[in-house]
Amino acid sequence: MSYVDIACRAVLALTFAAAVWGKVGDHARWTAFRSSLTVFLRSNRRAHVVAVVVVTAEAGAAVSQLSPFRWMGYGLAFGLLAAFSGFVVLVLRRRLGLACNCFGRSSPVRGRHLARNGLLLLVTTVGLTAAAVAESGVHPAGLAMSLGTAFCLAIAIVRFDDVVEILP
């Protein structure tokens with residue numbers, strides 16, 4: 001297991017866990033998330049089913065990063081991120097003006113959401129590549145550095161909308 005693999009898995013686990021919490025942390029967040037899907041799907045029942053599937057898949061992506069079967073965690077994360085990116089492209093092309101409730105805050109879906117997903121897809125690809133060529137043995141200091149770096153990157157990703165807003 002390499003330090004890059006560890007950092008990438010931690011970034012994905014933290015990001016997907018934050019996404020789940022942002023949607024189910026309280027009733028208002030869950031309602032906002034479901035409502036945004038209802039606008040897109042034009043059906044409250046379908047929106048509820050899709051919302052449950054999305055949250056379940058995100059929770060699975062977060063937990064699977066802790067699995068010894070790294071390819072499974074990376075594969076699930078990559079599949080979800082590709083699907084989310086496709087959804088963002090569809091929303092942008094159709095000019096639907098939907099809200100993104102990815103992390104509990106509502107903001108209009110924009111190109112920045114596609115950039116964030118692209119960054120996470122890059123993290124997934126780098127992590128999978130690092131896992132494929134991983135050496136054995138992990139030193140505690142290297143582990144601490146990997147996890148600290150992952151934590152900082154995950155915060156930047158979760159707060160991506162805020163970071164983009166403060167840049168000129």
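Values below: every heavy atom of this structure, side chains too, minus hydrogens, waters and symmetry copies.
Here L119 pairs with I157 under the side chain to side chain contact (heavy atoms under 4.5 Å, CB included) rule; sequence neighbours left out. Remark: T31 engages H27 in a side chain to side chain donor-acceptor pair (under 3.5 Å) (not counting sequence neighbours). Annotation: side chain to side chain contact (heavy atoms under 4.5 Å, CB included) contacts of V89 (sequence neighbours excluded): R93, L114. Evaluation of the ring-ring contact (aromatic ring centres under 6.0 Å, His included) rule for F103 yields no partner, not counting sequence neighbours. Taking the side chain to side chain donor-acceptor pair (under 3.5 Å) definition, one finds that S36 meets it with N101, sequence neighbours left out. For E58, the side chain to side chain donor-acceptor pair (under 3.5 Å) criterion is met by K23, not counting sequence neighbours. Under the rule for a ring-ring contact (aromatic ring centres under 6.0 Å, His included), the partners of F87 that lie at least two apart in sequence or sit in another chain are F40. Under the rule for a side chain to side chain donor-acceptor pair (under 3.5 Å), R29 has no partner lying at least two apart in sequence or in another chain.
For the pair L80/F16, a side-chain contact is recorded, criterion being any heavy-atom separation below 4.5 Å from C-beta on.
Within a 6.0 Å radius of CE in M145, no more than 12 heavy atoms belonging to other residues, nucleotides or ligands are found. Enclosure of atom CH2 in W21 is not indicated, since only 12 or fewer non-hydrogen atoms of other residues, nucleotides or ligands lie within 6.0 angstrom.
Contact detail for T124 and A77: the closest heavy-atom pair is OG1-CB, 4.2 Å. Here the closest heavy-atom approach between residue L147 and residue A10 is recorded as CD2-CB, 3.8 Å. Listed here is the closest heavy atom pair of A18 and V158: CB-CG2, 3.7 Å. Contact record, A17 with A62: N-CB, 3.8 Å, taken as the closest heavy-atom pair. R9 and Q65 make their closest contact through NH2-O, 2.6 Å (heavy atoms, listed as atom of the first residue, atom of the second, distance). Nearest heavy atom pair, residue S64 against residue G73, reads OG-CA, 3.2 Å.
One distance of note links SG of C102 with CG of N117; it measures 7.0 Å at 0.5 Å rounding. Atom CG in L12 sits 11.0 Å away from atom CG in L66 (nearest 0.5 Å). We find the CG-OG1 distance between N44 and T38 to be 4.5 Å, quoted to the nearest 0.5 Å. To the nearest 0.5 Å, the span separating SG on C8 from OH on Y3 amounts to 15.0 Å.
Paired with V123 under the rule side-chain contact (heavy atoms from CB on, under 4.5 Å), one option of L81, V11, L128, T15 passes, and it is V11.
Connection of V63 to I6 is not established within any shared hydrophobic cluster, with ILVMFWY side chains joined at heavy-atom distances below 4.5 Å, either directly or through further cluster members. Hydrophobic clustering (side-chain heavy atoms under 4.5 Å, transitive across Ile, Leu, Val, Met, Phe, Trp, Tyr) groups L90 together with V109. A continuous path of Ile, Leu, Val, Met, Phe, Trp and Tyr side chains, each step under 4.5 Å between heavy atoms, connects V88 with F33, placing both in one hydrophobic cluster. Follow the hydrophobic side-chain contacts under 4.5 Å out from L120 and you reach L153 in the same cluster. Follow the hydrophobic side-chain contacts under 4.5 Å out from W30 and you reach L41 in the same cluster.
The aromatic rings of W71 and F69 stand perpendicular to each other, their planes meeting at an angle above 60°, with 30° marking the opposite boundary.
Within the hydrophobic cluster formed by Ile, Leu, Val, Met, Phe, Trp and Tyr side chains joined at under 4.5 Å, directly or through other members, V4 is accompanied by L122, V126.
Within the structure, side chain to side chain donor-acceptor pair (under 3.5 Å) pairs that include any residue of residues 74-85 comprise D5-Y74 (at least two apart or interchain). For residues 113-132, there are no salt bridge (Lys or Arg N to Asp or Glu O under 4.0 Å) pairs, not counting sequence neighbours. Within the structure, salt bridge (Lys or Arg N to Asp or Glu O under 4.0 Å) contacts touching residues 30-55 (residues at least two apart or in different chains) do not occur.
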H48 vs V52, side chain to side chain contact (heavy atoms under 4.5 Å, CB included): CA-CA, chis, key distance, verdict: CA-CA 6 Å; H48 180 74; V52 169; 3.8 Å; yes
